Amino acid sequence: MEALDPILSGLNPPQLEAVTTTEGPLLVVAGAGSGKTRVLTRRIAYMIRNGVQPWRILAVTFTNKAAREMGERVGQLLERVGVTVPVQSLWISTFHSIASRLLRRYGTEIGVPQNFTIYDADDQKTLVKRIMKDMNLENDALHVRQAIHYIEAYRNGSLKALYPPYDTILEKYKSELSAAQAVDFTGLLEKALELAPHVAHLWDYILIDEFQDTNHLQFEFIHRLARPHGNVCAVGDDDQSIYSWRGATPRFLIEFERQFSGAREVRLEQNYRSTGNIISAAGHLILHNTTRRPKKIWTAAPSGEPIYFNALDDERQEASWIVSRMLEHNARGVSLDEMAVLYRINAQSRPFEDSLRREGIPYTVVGGTKFYERAEIKDLIAYLRLALNARSDIDILRVLNKPKRGLGQAAVRRIRELAGERSLWHGLHRARDERRIGPKITEFVRLVEHAAALAEKRPPEDVLGFILEETDWLGMRASTDIESITRVENMNELLAAVTDYSDEERSNGEEPTLQGFLESIALVSAEDLSEDDEDTEKVWLMTVHAAKGLEFDVVFLPGWEEKLVPMEREDSTEDSLEEERRLAYVAMTRARRVLYITRARERMVYGRTLRTSPSRFLKELPRDRIKILSRRKPVTHDPETLAEVASHAHRHRKKSVKSSSYKGSSSNSPFRPGDVVRHKKFGTGRVVSVDGSGDGARVTVNFRGIGQKVIVASYLMGVDR
DNA sequence: TACTAGGTTGTTTTT
DNA sequence: CAACCTAGTA
Ligand SMILES: Nc1ncnc2c1ncn2[C@@H]1O[C@H](COP(=O)(O)OP(=O)(O)OP(=O)(O)O)[C@@H](O)[C@H]1O
């Protein structure tokens, strides 16, 4: 009897078609849980078994975790058919990792030094802030964030023109980056695009997962890589596009056929993940979006349990109710790691952590404040980065006086003076003869140079060990306060992480390098790395964004309240509401068997208790699939409504601007077409049309340099001409 | 230069 | 409710 082929069995006809159609452009559009990722994995294995050399295939995933899992699965499939493939030979990774890898190897061709440093979002903020300060622009957090917002939108292709002063800021920013031999996240993509013609010959087959969340730069990169052979396979679901705030757009998925001539399209319509009730409810919800391609989805699975909804008094009760349900499911045999709480914002994790800890249930919080974002860890990393690239001014400024060595503001000013137009590192060298600060600077320079020398010939753990030793940070062990103890623990943990990295590399027959370590932590989020005691089952706490592509038996969705789910802020638009709905759709479709949705009647926001109202999405779910567990119950006291304090309205704003209220509002429409209005984020613009009345009216405004947006009236201020 | 108290400010989502 | 920044003092 012949055994089933592990690579081609367990696929329905369209899936099979997608797996075996290896030549030419192919697009797989399909709803959640229809096996898109499975298709990609099988396809890679299929091609390799047919003789394609593994390193001729490039597969792009959305996260590093997804990349690792895909690599593992491909390896397993091939093993079962007797093909052995060295793991490292496969190019399966994120756009950013691919870019970084290419840049390391071929960057010199386009003027990027081999030892470039990767700047993260924080480094970017620091640098932009400094530039804005030098330009005498307002440089408080708000303005800096706004500047970065525009600059990034422009760079990733979602904003067509960049106006003053942002154009100048960007120009200066870019020149500072290149002087510092640094590349930021978007820079990685920009450089990769530049490099594309030089590297396109490396691959014959390109595959992309989660194609609906590709930005312009990424698409262009793929387009250029595919030019020689046209073998591109993209899979995605426009209803799951949830990263538009990062410049991603489903446009490239929609336009695929136009961009790649002769493209075939395969649709997958059967969902294998969830029960009928879940599929039906999620499908019903997403139907409320107007800008989407209609799509069929069905399941052979039974309806299953209804979707449970409950409203609790506040977020702590919400958490403890959910935790009780977890205990029940666990008692009935559902493993803890098959349960997940998926929330809108990281701050929502708090009450769940408290409650789980109280019940003694192990849990993992994915994301949130990451290990590598802690101050003491960033300090150490700054030292490590300097060891490879001393031209990175940001890193010098970060650690020059850490630990305190008497080099404060005045010293920095002097070093800047001496550096002139050149890097601070140059300034430091010249400052070694200064009367007062000279000796301390000499000491610092020596430290960095010694670390640099070590990095050349010793493994990364030795370099870190040297820095810890020299800075005597671990000496703080002596201090007894909790804070310094955890600091020291964190530093030791970093040392352990470096050592793990080196061991891992060695076991793969590679030489561990500091460069490699720094890269792995710059691009790989902490939770990707931490494989901490895998043998303990733990429930998952994470944002919906982080849950993309995952699945769990039992899923809990807390916080379905207006302003939170859907998230609504001053700059919310019709489009952003639709993205919120897609987010809710993604959240619901993570569940295999049981789905709970809850809300809190009151919630603490910024230390005040606010009254909430139920999410509009609840009304968009089909009644017959939902079981409502809550009974009406009035609140005893009288907290402010969310609307009353929206965006600090009553704290900061003039009376002339009222905040929005979902209960409707008394005043008549305050704006007419032609009026000039101001918006906090978009600036001034002219009213095109008004839909509805009162503060809740939707006003279409044409903003200068930005274009048309639909804004809720309450977020606009009239401007007298 | 280092430290502390007090005021203010804010939050999506992440490679 | 934090986390962060600023200004004033040791
Ligand atoms: N033909 C099939 N037979 C049985 N199970 C399948 C089949 N195809 C996919 N599955 C299962 O369905 C589930 C969803 O598959 P997969 O994660 O590949 O879907 P997806 O389309 O990528 O989902 P999403 O877009 O929601 O991330 C997985 O558990 C997978 O093993």
Side-chain angles (χ1 to χ4, degrees), chain A residues 60-67 93-100 118-122 124-125 129 139-143 145 149 152 156 183-189 192 210 213-215 217-218 241-248 315 342-348 350-351 366-370 372-373 375 400-413 436-437 440 519 521-528 542-548 559 563-572 576 579-580 582-584 586-587 603-610 645-648 651-652 680:
Chain A
V60 186
T61 59
F62 195 73
T63 62
N64 292 287
K65 192 171 160 202
S93 55
T94 63
F95 277 110
H96 296 265
S97 295
I98 291 161
S100 156
I118 297 174
Y119 274 9
D120 64 17
D122 238 45
Q124 179 180 53
K125 203 168 87 198
K129 186 180 164 87
N139 65 101
D140 56 285
L142 196 83
H143 288 265
R145 207 173 334 117
H149 173 82
E152 287 298 300
N156 69 35
V183 181
D184 64 6
F185 283 147
T186 305
L188 285 171
L189 303 177
E210 308 281 11
D213 277 322
T214 324
N215 73 25
L217 282 169
Q218 293 166 332
S241 167
I242 54 176
Y243 280 87
S244 73
W245 46 274
R246 223 165 65 183
E315 74 273 17
L342 309 181
Y343 36 75
R344 180 63 244 265
I345 59 173
N346 288 119
Q348 280 175 268
R350 209 22 204 286
V366 178
T369 321
K370 296 185 182 106
Y372 293 107
E373 282 166 14
L400 181 63
N401 201 28
K402 275 181 200 142
K404 301 260 182 302
R405 45 168 84 82
L407 293 172
Q409 283 171 14
V412 171
R413 216 173 305 126
R436 181 153 287 196
I437 55 178
K440 299 168 193 162
E519 196 151 309
I521 60 173
L523 298 175
V524 176
S525 48
E527 72 271 13
D528 286 350
M542 69 184 96
T543 62
V544 179
H545 283 93
K548 179 172 173 163
K563 305 251 148 160
L564 185 58
V565 176
M567 173 69 68
E568 193 193 273
R569 309 170 57 77
E570 303 174 14
D571 53 353
S572 291
S576 65
E579 180 147 319
E580 292 295 315
R582 292 193 290 271
L583 202 50
V586 171
R603 183 176 294 275
M604 274 269 241
V605 181
Y606 303 148
R608 15 163 109 242
T609 301
L610 305 178
V645 285
S647 329
H648 301 189
R651 257 203 283 175
H652 303 302
K680 204 175 165 195

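Lettering follows sequence order; numbering is per chain, from 1. The structure displayed is predicted, hence computed values, not measured ones.
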Which residue lies more 5' along DNA chain B, comparing M567(A) with V412(A) via nearest heavy atoms:
V412(A)
Does F95(A) or G408(A) map to a spot on DNA chain B nearer the 5' end, using the closest nucleotide for each?
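Comparing both residues, the 5'-ward one is G408(A).
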Assess whether side chain to side chain contact (heavy atoms under 4.5 Å, CB included) is satisfied between L583(A) and M567(A), documenting all intermediate values.
CA-CA 10 Å; L583(A) 202 50; M567(A) 173 69 68; over 6 Å; no
Is E580(A) salt-bridged to R344(A), cutoff N-O under 4.0 Å?
yes
Assess whether atom CZ of R350(A) is packed by more than 12 heavy atoms of other residues, nucleotides or ligands within 6.0 Å.
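Not more than 12 within 6.0 Å, no.
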Around atom NZ of K125(A), are there more than 12 heavy atoms of other residues, nucleotides or ligands at under 6.0 Å?
no
What's the closest nucleotide to the [X] side chain, out of [options]?
| X | options | answer |
| --- | --- | --- |
| R246(A) | dT1(B), dT12(B), dT15(B) | dT15(B) |
| R145(A) | dT15(B), dT14(B), dG10(B) | dG10(B) |
| A121(A) | dG10(B), dT13(B), dT15(B) | dT15(B) |
| M604(A) | dT15(B), dC1(C), dT13(B) | dC1(C) |
| T63(A) | dT1(B), dT15(B), dT13(B) | dT15(B) |

Nucleotide [N], atom [atom2] - distance to [atom1] of [X] in whole Å:
| X | N | atom1 | atom2 | answer |
| --- | --- | --- | --- | --- |
| R436(A) | dT1(B) | CZ | P | 9 Å |
| L142(A) | dT9(B) | CG | P | 10 Å |
| K404(A) | dT4(B) | NZ | P | 10 Å |
| N346(A) | dT12(B) | CG | C1' | 9 Å |
| R405(A) | dA2(B) | CZ | P | 11 Å |
| E579(A) | dT14(B) | CD | P | 13 Å |
| D213(A) | dT13(B) | CG | P | 16 Å |
| L188(A) | dT14(B) | CG | C1' | 14 Å |

Give a yes/no on whether any side-chain N or O of N401(A) is located under 4.0 angstrom from OP1 or OP2 of dA2(B).
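True: N401(A) side-chain N/O within range (under 4.0 Å) of dA2(B) OP1/OP2.
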Does R569(A) put a side-chain nitrogen or oxygen below 4.0 Å from OP1 or OP2 of dG10(B)?
no
Could you tell me how far dC5(C) sits from dT12(B) if I compare only their C1' atoms? Round to whole Å.
23 Å
Under 4.0 angstrom, heavy atoms only, what part of the nucleic acid is [X] near: base, sugar-phosphate, or nothing?
| X | answer |
| --- | --- |
| G607(A) | base |
| Y243(A) | sugar-phosphate |
| A411(A) | sugar-phosphate |

Between the side-chain atoms of R344(A) and the base atoms of dT13(B), is any donor-acceptor pair under 3.5 Å?
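Between dT13(B) and R344(A), which were checked side chain against base, a qualifying N/O pair under 3.5 Å is present.
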If I compare all heavy atoms of I98(A) with all of S93(A), which pair ends up nearest, and what's the gap?
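Reported closest heavy-atom pair: CG1-OG, 3.1 Å.
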Shortest non-hydrogen contact between G559(A) and L564(A), atoms and distance:
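Heavy atoms only, the tightest pair is O-CD2, 3.6 Å.
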